[in-house]
Each structure stands twice: as C-alpha cells, then as structure tokens.
Amino acid sequence: MASSRFYITTAIPYANGAPHIGHAYERIATDAIQRFMRLDGRDVLFVTGMDEHGQKMQQTAARDGITPRQLADRTAAQFERMGDVLNARADDIVRTTQERHYAASQEMWRRMAANGDIYLSKYPGWYSVRDEAFFDEAELTKGQDGKNYAPTGAPVEWVEEESYYFRLSAYQDKLLAYYRDHADFIVPDKYRNEIVAFVERGLTDLSISRSTFNWGVPVPGDDRHVMYVWVDALTNYITATGFPDADAPRAEYWPADVHVIGKDITRFHAIFWPAFLMSAGLPVPKQIVVHGFLFNRGEKMSKSVGNVIDPFTMAEHYGVDQMRYFFLREVPFGQDGNYSHEAIVMRINADLANDLGNLAQRSLSMIAKNCGGIVPTAGAFTDADKAMLAEADALAHKARAAMHDFALHTMLADIWRVVAEANRYFASEEPWRLTKTDPARRDTVLYVTAETLRNVAILAQPVVPTAAAKLLDLLGVSAEARAFAHVGAAGRLVAGAALPAPGPIFPRYVEAEEGGSAPAKP
RNA sequence: GGCGGAGUAGCUCAGCUGGCUAGAGCAGAGGAAUCAUAAUCCUUGUGUCGGGGGUUCGAGUCCCUCCUCCGCUACCA
C-alpha cells in the first residue's frame, strides 16, 4: 500500500555540542509519533541526522585541538548513544559529511542553478578576520582610532565577499500560495501566522555560499566556495531517501510527511527549505511540526545558572519510560514546558506506579492466585462491564484524533482517563469479596479488567514502550497482536490462555536519602 | 510601533461556532475498604474566569479599552 508510507524526521542537531534536554525531548516526541504510526499500520521511515559543517565546527575543533572531523565523530557518537538510551533509535542517521550527502547536496545545487535561481554576487558587510564572521553595522563600536570594532573587540573591515545567491525573492508568491493551499503545512497555527507575516513583508535573496572557510560541501563547479551550512543541512532530509537516485529503495518516501523541529528554526524549514525544493523541481514536505522549549522551573537552561540537566543523567535517575511519559504528558505539544523534580516524581508515582502499575498488579495477582494463572472465563456482561469495555475500545479512535493534531498530551490524558475509570470499576465491583460468594462473577470482573489493561497497554506503547511491552507480556498478548488493529473486539483475550507470573510494571519513585549514591537529582 | 499568542480554583491546565448553579487532574481535609507497588475508592471547600466599559433575554466565550507576560517583526534615535 503505497499511501501508507510515513516519513518523519527530527531536526538535525549541530555537531558543535553535546546532546541536551531539548534534543532529548525532540527525539522522544518524534519517536513516539513514529511508533504510533507504525503500530497503526503505516510503513514508517524515521530519520535523524547530524549537521557537521560550518565555521563554528572549525572554530570549536581548533579550540579543542582536534579536527572538525574528529569533533563531528565525537558528537555523532554521543547522539547515537542518546537514541539508544532513550529507546528512540532512528532507522537512519544522515551525517552531512557522508559521501551520499555530498552527492545529494550538490545535485540540489545543480538543479537550483539549472532553474536559474543561483547567481554570483558580492556579499557586502563588516568582516572580522579574527572572528571569521560578518557583523551588523548596529553591533559595531567606534574605537578611539576611529576604526570600527566588533563586539568581540576585533577590528572589522568593509569587505565584499564573493558569494552565490539564491533567488529567494522569486518564491515569495509561490510560498504564500503554498501556505494558503496547505493550511496544515506549519503547525501549530501560531508559527504558521508568524511565517506568513514574515514572507508577506517581502523576501530578499539569500547568500548560500562562503569562501572564507572550507569546512563544507564544495559548490559544484567552483571549489573556492562551500555551501552555506543551511543549504547543506536541510538537504539531509532528502539524502535519506536516496536522492538523487530515483530508483533508490527509499525514493518513494519523499516528500516527507513530517519534519519535527524546534521553534527557533521554523524559518529555515518553512521558508528556505520549500523554496529550495520548488526551485529544484521536487515535492515539498507535507508538514512542519513545531515544538516548544523546555524550562527548568521556569528558567531557561544555561550553564551559568547551573541548571543544565544532562539527558543521560535524567534517564538513569528516573527511568526511560518515566522520562518519556513525563515530557509527553506534562508538556502540551507545541507549547513551551516546565520540568522540575517534584513534577516528575508526581507523574511517575501518581500516574504510572499508582494508577496503572498498581491496578495491573492487583488484578493480575488475583488472577494468578484465584484463577490458576490463566485468562479467566467471562460470564454475561453487566451494564458496568459493557461500559468499561466500550471506553477501552474507544481509545484507538480517540488516540488517532489526538495524533492528527500531534496532541500527544491529549492522547495520554485520554488513555489515563480510562485507567482511572478502570480503578473505579475495580473498586466498585470488589472482586476480592466475590471469591466466597460468586467466583464466576469475580472471573468476569477480572476478565473485563484485564481486557481494559490490554487496550490501555497497546495504546501506551508509543510513549512507554518497555513498560507497555511488559504489561502485554503479563497479559499473554503475542507480539503479533499488539498493533492498534487489535484494540477492542478484534483482539479480545482468550479464556484459558496461560499467563506468566505477575510482576511490577512501574516501580514507585522513592526519594533517595541525602548523601546517597544516586545520580544527582535535577 | 505593528502582528500573533497568553492571563480561568494553591499548582498544571480544559472550556468548540455565546445558554442550565464554571470543570478536570494534582495538592489539602474527612471517611470507606484491605485484592494490590501504604496503592485504591467515596465525600468535600475555594474561583470578582487580568481590570473597566459595551452588545445581548443571557458572555471566560462577541466588541471597545486598559494592564501584565511571551513570541515574531519593524523603527526611531
């Protein structure tokens, strides 16, 4: 089924620095979406990458006494480990220094040039040789000698660097038409509005090459220039599909369905990227999905404030599923969010350990003790049973509706509403009292509870994959019966099936004693 | 300055195209139960829905205005 393909990417982090919590958040969110789509039967390609070129890479590498290549390798390894640790591994990682990426970038360039959109001109401005950077006139200060100085204190001179330009101005109307015809191209609307307003004010042509350094993709036909880092970086998304080989195994995945990005880079993705693609005669991605930033107790993370939290430390301290659940449940997707130790512990204990973990434990251990460790046989369903099952069965539909808007937090709220209902159901049916009076009725209650847990676990897989898998194991659900298609009547537990011995799904978070050896609490 | 978001119970937030006594979760208080990870269930309070004005039979929900916070953007000098 060709139409079932789903290609999703994260932004490609810059290899200049180690992974931080924002990278972890983006990877987790994107992974949850791609797992959702996979479980819903889509043929998914999930790609991330590493942006390894540019002047900053050269500078940082020089400072550390290594080559840019070594710096890129070091950072790429850190990000790869992050993907593993967060249980959010992509199908492919495009590094912009790879040969396949040079081929893709240079072909993009050639096509844009062939379309008449690239021309050579001068890039005028105040240039600091020491900083290897241009500065805006407003940033400069006059020295006592009457000369201009950069904010860094370095002298600047007026230069006109030769640069290739992209005719971005020619795409203003086409972009606006595209935004108009594709109302969901940029979500949430807030960012769409900003982009439309920006484009309506007018676009100027874009300098897309540099000749003051050489750590980049060479411009085809002019080795004195390397491509501007964003031209090369954005192209990674199409490199992954095998471009320019039209017969590549993944060629059909283009155009991408979703680029998940942070709000600071919307302009590059919503303006430059579609313009480049239009120029090259290639289809434009279907959606740019923008997420917000995470703040530590309302403060932006910064090294000087000392509130930077390492995602590896966090995962180790709280648990990977717990961290994934917290970020996706607590932060309305698309908005900025806050995290704090207290808030994370609250979610872990209240939602995961108490509401879901404990319900699974109490019901499954009753089955183990009273029903011989097999799925009990259900008798005739009461209205309460039917209502409980109907709520659980409705989850797939609700989750899809939420996911249509990438409202992961809403999806989780819907799932946990069913968990809360299941706790109420269990408490009011009091199966533990029925053992003496009506064991058949008890078995029915336990069956309905187990069925509810099965549906909950299936839907929770995208967010808490490990714990959900464990719960499904305990319910005796085979690996082939865990897709969303098995939610509801299509996948009911079969009475008599043997179940493994129950065990905890989500442990409670217990505050470590002062001076303990646990990882530093954020 | 312009555009766009946001301002709703202690905290985090829902409240679509205006309509019953404004909701949920968490936290707090009281109670029940004891199958379970001292978990669960029940009951319970509080809100000038940022301020003010207006439209309407009726407004968090529409209009005007003001205040505060945030984002994008522009500009003066």
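The partner of B:G25 is B:C11, judged by Watson-Crick or G-U wobble contacts that both fall below 3.5 Å. In a base pair of the Watson-Crick type (N1 to N3 plus N6-O4 or O6-N4) or a G-U wobble (N1-O2 and O6-N3), with each distance short of 3.5 Å, B:C69 is matched with B:G5. Under the Watson-Crick or G-U wobble criterion, with both distances below 3.5 Å, B:C57 is paired with B:G19. Judged by Watson-Crick or G-U wobble contacts below 3.5 Å, the nucleotide B:A33 has no partner.
Spacing between B:G7 and B:G50 at atom C1', rounded to whole Å, works out to 6 Å. When the C1' atom is used for both B:G25 and B:C66, the distance is 34 Å, rounded to whole Å. Taking atom P on both B:U43 and B:G60, the two are 28 Å apart, rounded to the nearest angstrom. A gap of 11 Å separates the P atoms of B:C3 and B:C64, to the nearest Å. If you take atom P in B:G19 and the same atom in B:A59, they sit 11 Å apart, rounded to whole Å. Comparing B:C13 with B:C70, their P atoms sit 16 Å apart, to the nearest whole Å. Taking atom P on both B:G47 and B:U55, the two are 28 Å apart, rounded to the nearest angstrom. To the nearest whole angstrom, the two C1' atoms, one in B:U68 and one in B:U8, are 16 Å apart.
Glycosidic conformation, B:G45: anti, with the torsion outside 90° of 0.
Protein atom CZ of A:Phe198 is 14 Å distant from nucleotide atom C1' of B:C3, rounded to whole Å. Rounded to whole Å, the distance from CZ on A:Arg192 to P on B:C3 is 19 Å. Distance, A:Asn423 CG to B:A24 P: 18 Å, rounded to whole Å. Distance, A:Asn193 CG to B:C70 P: 20 Å, rounded to whole Å. Between the OH atom of A:Tyr509 and the P atom of B:A39 there is a distance of 16 Å, given to the nearest Å. Regarding A:His291, its NE2 atom lies at a distance of 15 Å from the C1' atom of B:G71, rounded to whole Å. In this entry the distance linking CG of A:Asp355 with C1' of B:A38 reads 15 Å, nearest Å. Computed from coordinates, the A:Tyr425 OH to B:C42 P distance equals 15 Å when rounded to whole Å.
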Mind listing the N/O atom pairs, protein and nucleotides 8-15 of chain B, below 3.5 Å?
none

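The nucleotide whose nearest atom lies closest to any side-chain atom of A:Arg424 is, among B:C41, B:U37, B:C26, B:C41. Listed nucleotides B:U37, B:U40, B:A36 differ in distance to A:Ser365; the shortest reach to its side chain belongs to B:A36. The listed nucleotides are B:U40, B:C35, B:U37; the one nearest the side chain of A:Asn354 is B:U40.
The closest side-chain heavy-atom distance from A:Glu330 to A:His409 is not below 4.5 Å.
A:His404 places no side-chain N or O within donor-acceptor distance of the main-chain N or O of A:Arg400, the cut-off being under 3.5 Å.
Closest non-hydrogen pair, A:Ala360 versus A:Leu471, comes out as CB-CD1, 3.9 Å. Contact detail for A:Phe381 and A:Ala378: the closest heavy-atom pair is CE2-CB, 3.8 Å.
Applying the side-chain hydrogen bond (donor to acceptor under 3.5 Å, both in side chains) rule to A:Gln34 yields the partners A:Asp31, A:Arg38; only residues at least two apart in sequence or on another chain are considered.
For the pair A:Arg362 and B:U40, the criterion of a side-chain N or O lying under 4.0 Å from OP1 or OP2 is not met. Phosphate contact (OP1/OP2 of B:C3, side-chain N/O of A:Lys190, threshold under 4.0 Å): absent.
When heavy atoms are screened at a 4.0 angstrom cut-off, A:Ala350 is found touching no nucleic acid atom at all. Counting any heavy atom pair closer than 4.0 Å across all strands shown, A:Leu364 reaches no nucleic acid atom. Using a 4.0 Å heavy-atom distance criterion, A:Lys369 is classed as a sugar-phosphate-only contact. If you check every strand for non-hydrogen atoms under 4.0 Å, A:Phe426 touches a base.
On a pure distance criterion of 3.5 Å, a polar donor-acceptor pair joins the side chain of A:Asn358 and the base of B:A36.
Heavy atoms of other residues, nucleotides or ligands lying less than 6.0 angstrom from CZ of A:Arg433 number 12 at most.
Take the nearest nucleotide of RNA chain B for A:Val419 and for A:Arg201: the residue whose nucleotide is more 5' is A:Val419.
The existence of a salt bridge linking A:Asp184 and A:Lys286 is excluded, since no basic side-chain nitrogen approaches an acidic carboxylate oxygen closer than 4.0 Å. Under 4.0 Å is where a charged nitrogen must lie from a carboxylate oxygen, and between A:Arg417 and A:Glu391 no such pair does.
The only option from A:Leu395, A:Leu39, A:Asn455 that meets the side chain to side chain contact (heavy atoms under 4.5 Å, CB included) definition with A:Phe484 turns out to be A:Leu39.
Side chains of A:Asp117 and A:Ser279: a donor-acceptor N/O pair is present below 3.5 angstrom, by distance only.
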